[in-house]
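In what follows, a structure is listed as C-alpha cells, so that the remarks can point back to it.
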Amino acid sequence: MGLRIYNTLTRKKEEFSPLKDKQVRMYVCGVTLYDKLHLGHARAAVVFDTIFRYLEYKGYKVTYVTNFTDVDDKMIKRARELNTTIFNLAERFIGEYFEQMEKLGVKRASFYPRATEHIREIIELIKKLEEKGIAYEKDGDVFFRVKKFPDYGKLSGQSLTELLAGVRIDVDEKKENPFDFALWKKAKEGEPSWDSPWGRGRPGWHIECSAMAMRYLGESIDLHGGGKDLIFPHHENEIAQSEAATGKKFARFWVHNGLVTINEQKMAKSAGNFVTLSEALEKYGGEVVRYYLLSVHYRSPLNYSEEGLNEATSSLERIYNVLERIEEAIVEEDKKFTLKNISPGVKRLSDKFFDSMDDDFNTPSAFAAIFELVKEANSIMENPLDDSSKTTLYYIAHQIRKAGKILGLFQKEGNKLETKTDKLIQILIDVRNILRREKRWDLADLIREKLQEVGIKLEDKKDKTVWRTFLALPEKK
RNA sequence: GGCGGCGUAGCCAAGUGGCCAAGGCGGAGGAUUGCAAAUCCUCUAUUCCCCGGUUCAAAUCCGGGCGCCGCCUCCA
C-alpha cells in the first residue's frame, strides 16, 4: 500500500511520489533564534522528524533541510536588549536547540542553513525577480508585486480581491499594493546590514526560505512543511517568489502541522501562554514529551495539559513493561522467527501500524496497533510458554522496536546499569527474599520502598523477583 | 467580514456510508499476590453537539442551527 499525504495545496490526501525516483527533497521552516523554544516548536520538529524517519523507512533517500532564521526584527530587538549581536544570540539559541532536539529524539536534518550565510543567494533571487518586473525597489526597500503573480492566494484559498476586502494591515506608503511584501529591507541606523544593488540592507523574512530551499534542493522540491500558522502569508509568499522567479512549481506537497494550544488558545509568546520546552523536558523527559506530541494526529490542534503528559507517561510505561517482560521470558536462542510461524492475527496487527502510517501519518491509530500487540504479548505470557509462543513474543517485541524506531520511541534498554550496581541490587533482592521467607514484611517492604525512591522498582513473581528502572521517566541525578 | 478547521465515553483520541463505534489514561468488579507492582478477564458511548433531509443503511453525505479554534499582522 502506498503512502498518502494530505496536501494543503489541494486540500486532499494524495498518493505520495517524489519527482525523482527514490529521492525525496524536503524543506521545513525552522525557528527564529530570538528566544526559548516552546512546545509548539517541539511539535513541529517531532512531527517532521517522524515524517523524515518514515520516508526513510519507506526506502527513500531523503534530503531534509530545515533553516534557522537568524536575522529579523525580533532578533535585532532582542540582541539590542541583551546588549549583544544577532550572531551571538543565534549561537546561543542554536546550542540550546540541538540540546533539546536530542532529548526529543529528533534526528539531525541534512542541512541547517542560516539566512545570514546565504545573503548572496538571496540577492541573486531578488535580482531575478527585479529583472522580470516582479520586484520593485522603493527608497532602498524592495517589494514583491503580488499583482504580477496571478496564482497569488492558491495555498491559503483566498484570492487577492478577497484578501483586499478584509485588509487590516497597516498601509505602507511605499507599497503599490497592501499585500506586496518586502524582499529586501533598507538598513536603519545601527542594524546589521549587507551590501546589495539597492544599498545596505537585509533580507525580508520570506525570501530566505525560497533561496535556501533552492540552494540545497533545487527549484522544485517534493515536500515543504511548517506549522499551520505559516500558510499565510509566509508560505503563500514563498510560492509567489519562487514560482515567479523560476516559472516552475516550487513544492508538490505542502504539509502543515496543527498548533499547540493551551486552554484552547494558541500557544504563543506574544499572548504569554506557553510552556517552554525546557520545562516540559525537565519534568517529563524527552521521550514522554515526544510520545505526547505524537498521540494526536499531526494536523489536529493539540491542547496542552499536564494530565495529558501524565497519561503519556503511563502509556509509555505499559509499552516498556511488555518489552522487558518479553526480554525476561525468552533467551537468546528464541530470538528468531520466520514469518510463516506467526499467526495471521498477530501479523495483521503489525501491518495495521504501517497502514496507519501510510494513511497521512496517522500516529494515534498506529499507537492503537502497538497496544493491541502489547495486549497479545501479555496475554500469551499468562500461560506457560512453548517454542511457538516464544517465537511470537520475539516477533512482537521486534515489531514494537521497529515501529519505535520510526516513531523515535521505545529504544531504551532496561536493566542496563553497571555490573557492580547490578550485583548490589541483586544482593538486596536476595536479602529481602530471606526476610520474606521469614515473613518479616516490614523490613522487606522497606527495602522495596527505598529502592523505589531511587528509581528501581521490584516485582515479586511466583518464583523470583525482578527489578526494573522507570524507563518512561526522566533520569534522576 | 473572507478563508480553513473542529465538536466521538470521566479525560485523551482514531474512525468519513454497512460486522458488537479502535486504542490509551482513569474508574468498578474478579483472578493472581503476604502486601504491592506488573499482568489477565469482565464492565465503563444502544450511540457520535442539536434539528431536519438523502439512503435499504450515516458518527460518516446534504441543509439549517448552536458552540469552539486557527489564519487574514510577527508566529512552529
Side-chain angles (χ1 to χ4, degrees), chain A residues 8 11 28-32 34 37-48 66 69 72-74 77 153 156-159 161-170 179 205 225-234 236 256-261 264-271 291-292 295-297 299-303 305 307-319 321-322 324-325 352 356 359 362-372 374-375 377-383 436-437 439-442 444-445 448-449 452 457-462 465-468:
Chain A
T8 307
R11 292 173 212 294
V28 174
C29 291
V31 296
T32 303
Y34 79 105
L37 299 176
H38 62 236
L39 282 173
H41 301 111
R43 184 177 193 196
V46 165
V47 161
F48 288 102
T66 186
T69 297
D72 83 327
D73 292 346
K74 284 181 189 160
K77 183 165 171 255
S156 54
Q158 301 233 91
S159 67
T161 11
E162 283 167 340
L163 284 163
L164 283 166
V167 67
R168 4 178 260 244
I169 52 177
D170 294 336
F179 283 94
W205 174 40
K228 270 194 157 87
D229 50 353
L230 297 182
I231 295 173
F232 193 91
H234 186 55
E236 195 70 71
H256 293 97
N257 64 274
L259 304 179
V260 177
T261 59
E264 310 291 343
Q265 304 288 317
K266 178 179 172 179
M267 185 175 283
K269 281 278 157 48
S270 47
Y291 181 98
Y292 176 62
S295 67
V296 177
H297 184 86
R299 281 191 283 117
S300 305
L302 168 59
N303 192 40
S305 74
E307 299 93 293
L309 260 332
N310 288 330
E311 285 178 11
T313 309
S314 305
S315 304
L316 241 196
E317 200 66 51
R318 177 165 161 87
I319 291 170
N321 280 338
V322 79
E324 295 212 284
R325 283 188 78 195
K352 183 179 162 187
S356 300
D359 183 16
N362 192 338
T363 50
S365 171
F367 279 134
I370 291 170
F371 280 108
E372 287 180 64
V374 168
K375 191 177 202 77
N378 278 322
S379 192
I380 288 171
M381 287 186 282
E382 284 300 294
N383 299 308
R436 289 175 69 214
R437 231 170 286 138
K439 300 202 189 305
R440 294 164 69 178
W441 309 123
D442 49 340
D445 290 349
R448 188 171 59 194
E449 274 164 37
Q452 173 123 354
K457 164 172 74 169
L458 298 190
E459 293 178 11
D460 296 323
K461 305 284 179 186
K462 264 247 166 340
T465 298
V466 299
W467 65 274
R468 304 214 164 107

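Hydrogens, waters and symmetry mates play no part in the numbers below; they use all other heavy atoms, side chains included. Letters A, B, ... mirror the listed sequences (proteins, then strands); counts begin at 1.
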Remember a base hit wins even if backbone is also touched, and classify A/G226 as base, sugar-phosphate or nothing at under 4.0 Å, heavy atoms. sugar-phosphate
Is the distance from OP1 or OP2 of B/rA76 to the nearest side-chain N or O of A/K228 less than 4.0 Å? no
If only side-chain N and O atoms of A/N310 are considered, is one of them under 4.0 Å from the OP1 or OP2 phosphate oxygen of B/rC25? no
For A/K439, look at atom NZ and say whether over 12 heavy atoms of other residues, nucleotides or ligands are found less than 6.0 Å away. no
So which protein nitrogen or oxygen atoms get under 3.5 Å of nucleotides 65-67 of chain B's nitrogens or oxygens?
none

Protein-proximity profile, nucleotides 40-45 of chain B, B/S/- by nucleotide at the 4.0 Å heavy-atom cutoff, equals SS----
May I ask you to say what A/N257 touches in the nucleic acid, namely base, sugar-phosphate or nothing, with a heavy-atom cut-off under 4.0 Å? base
For B/rG70 and A/Q265 - does any side-chain N or O of the residue sit under 4.0 Å from the phosphate oxygens OP1/OP2? yes
Can you find a side chain N or O atom of A/S300 that sits less than 4.0 Å from OP1 or OP2 on B/rA14? yes
Donor-acceptor under 3.5 Å (A/R436 side chain, A/W441 main chain): no
Side chain of A/E311, base of B/rG24: donor and acceptor closer than 3.5 Å? yes
Using a 4.0 Å heavy-atom cut-off, does A/E264 contact any base of the nucleic acid, only the sugar-phosphate backbone, or nothing at all? sugar-phosphate
Given B/rG70, B/rA36, B/rG24, identify the nucleotide with an atom nearest to the side chain of A/K266. B/rG70
Nearest-Å distance once atom C1' is located in both B/rC41 and B/rU8: 27 Å
Sequence neighbours excluded, which residues qualify as ring pair (Phe, Tyr, Trp, His ring centres under 6.0 Å) partners of A/H297? none
Can you give me the closest heavy-atom contact between A/P364 and A/S295, atom names plus distance? CG-O, 3.6 Å
Closest listed nucleotide, where the reference is the side chain of A/A368 and the choices are B/rC35, B/rA22, B/rC3: B/rA22
Regarding A/N362, tell me which of base, sugar-phosphate or nothing describes its non-hydrogen contacts under 4.0 Å with the strands shown. sugar-phosphate
Can any side-chain N or O of A/E264 pair as donor or acceptor with the backbone N or O of A/N303 at less than 3.5 Å? no
Determine the contact category for A/V260: base if any of its heavy atoms lies under 4.0 Å from a base atom, sugar-phosphate if only primed atoms, P, OP1 or OP2 are that close, otherwise nothing. base
Would you mind classifying the nucleic acid contact of A/G153 as base, sugar-phosphate or nothing, using non-hydrogen atoms under 4.0 angstrom? nothing
Tell me what A/E372 touches on the nucleic acid: a base, only sugar-phosphate, or nothing, going by heavy atoms under 4.0 Å. sugar-phosphate
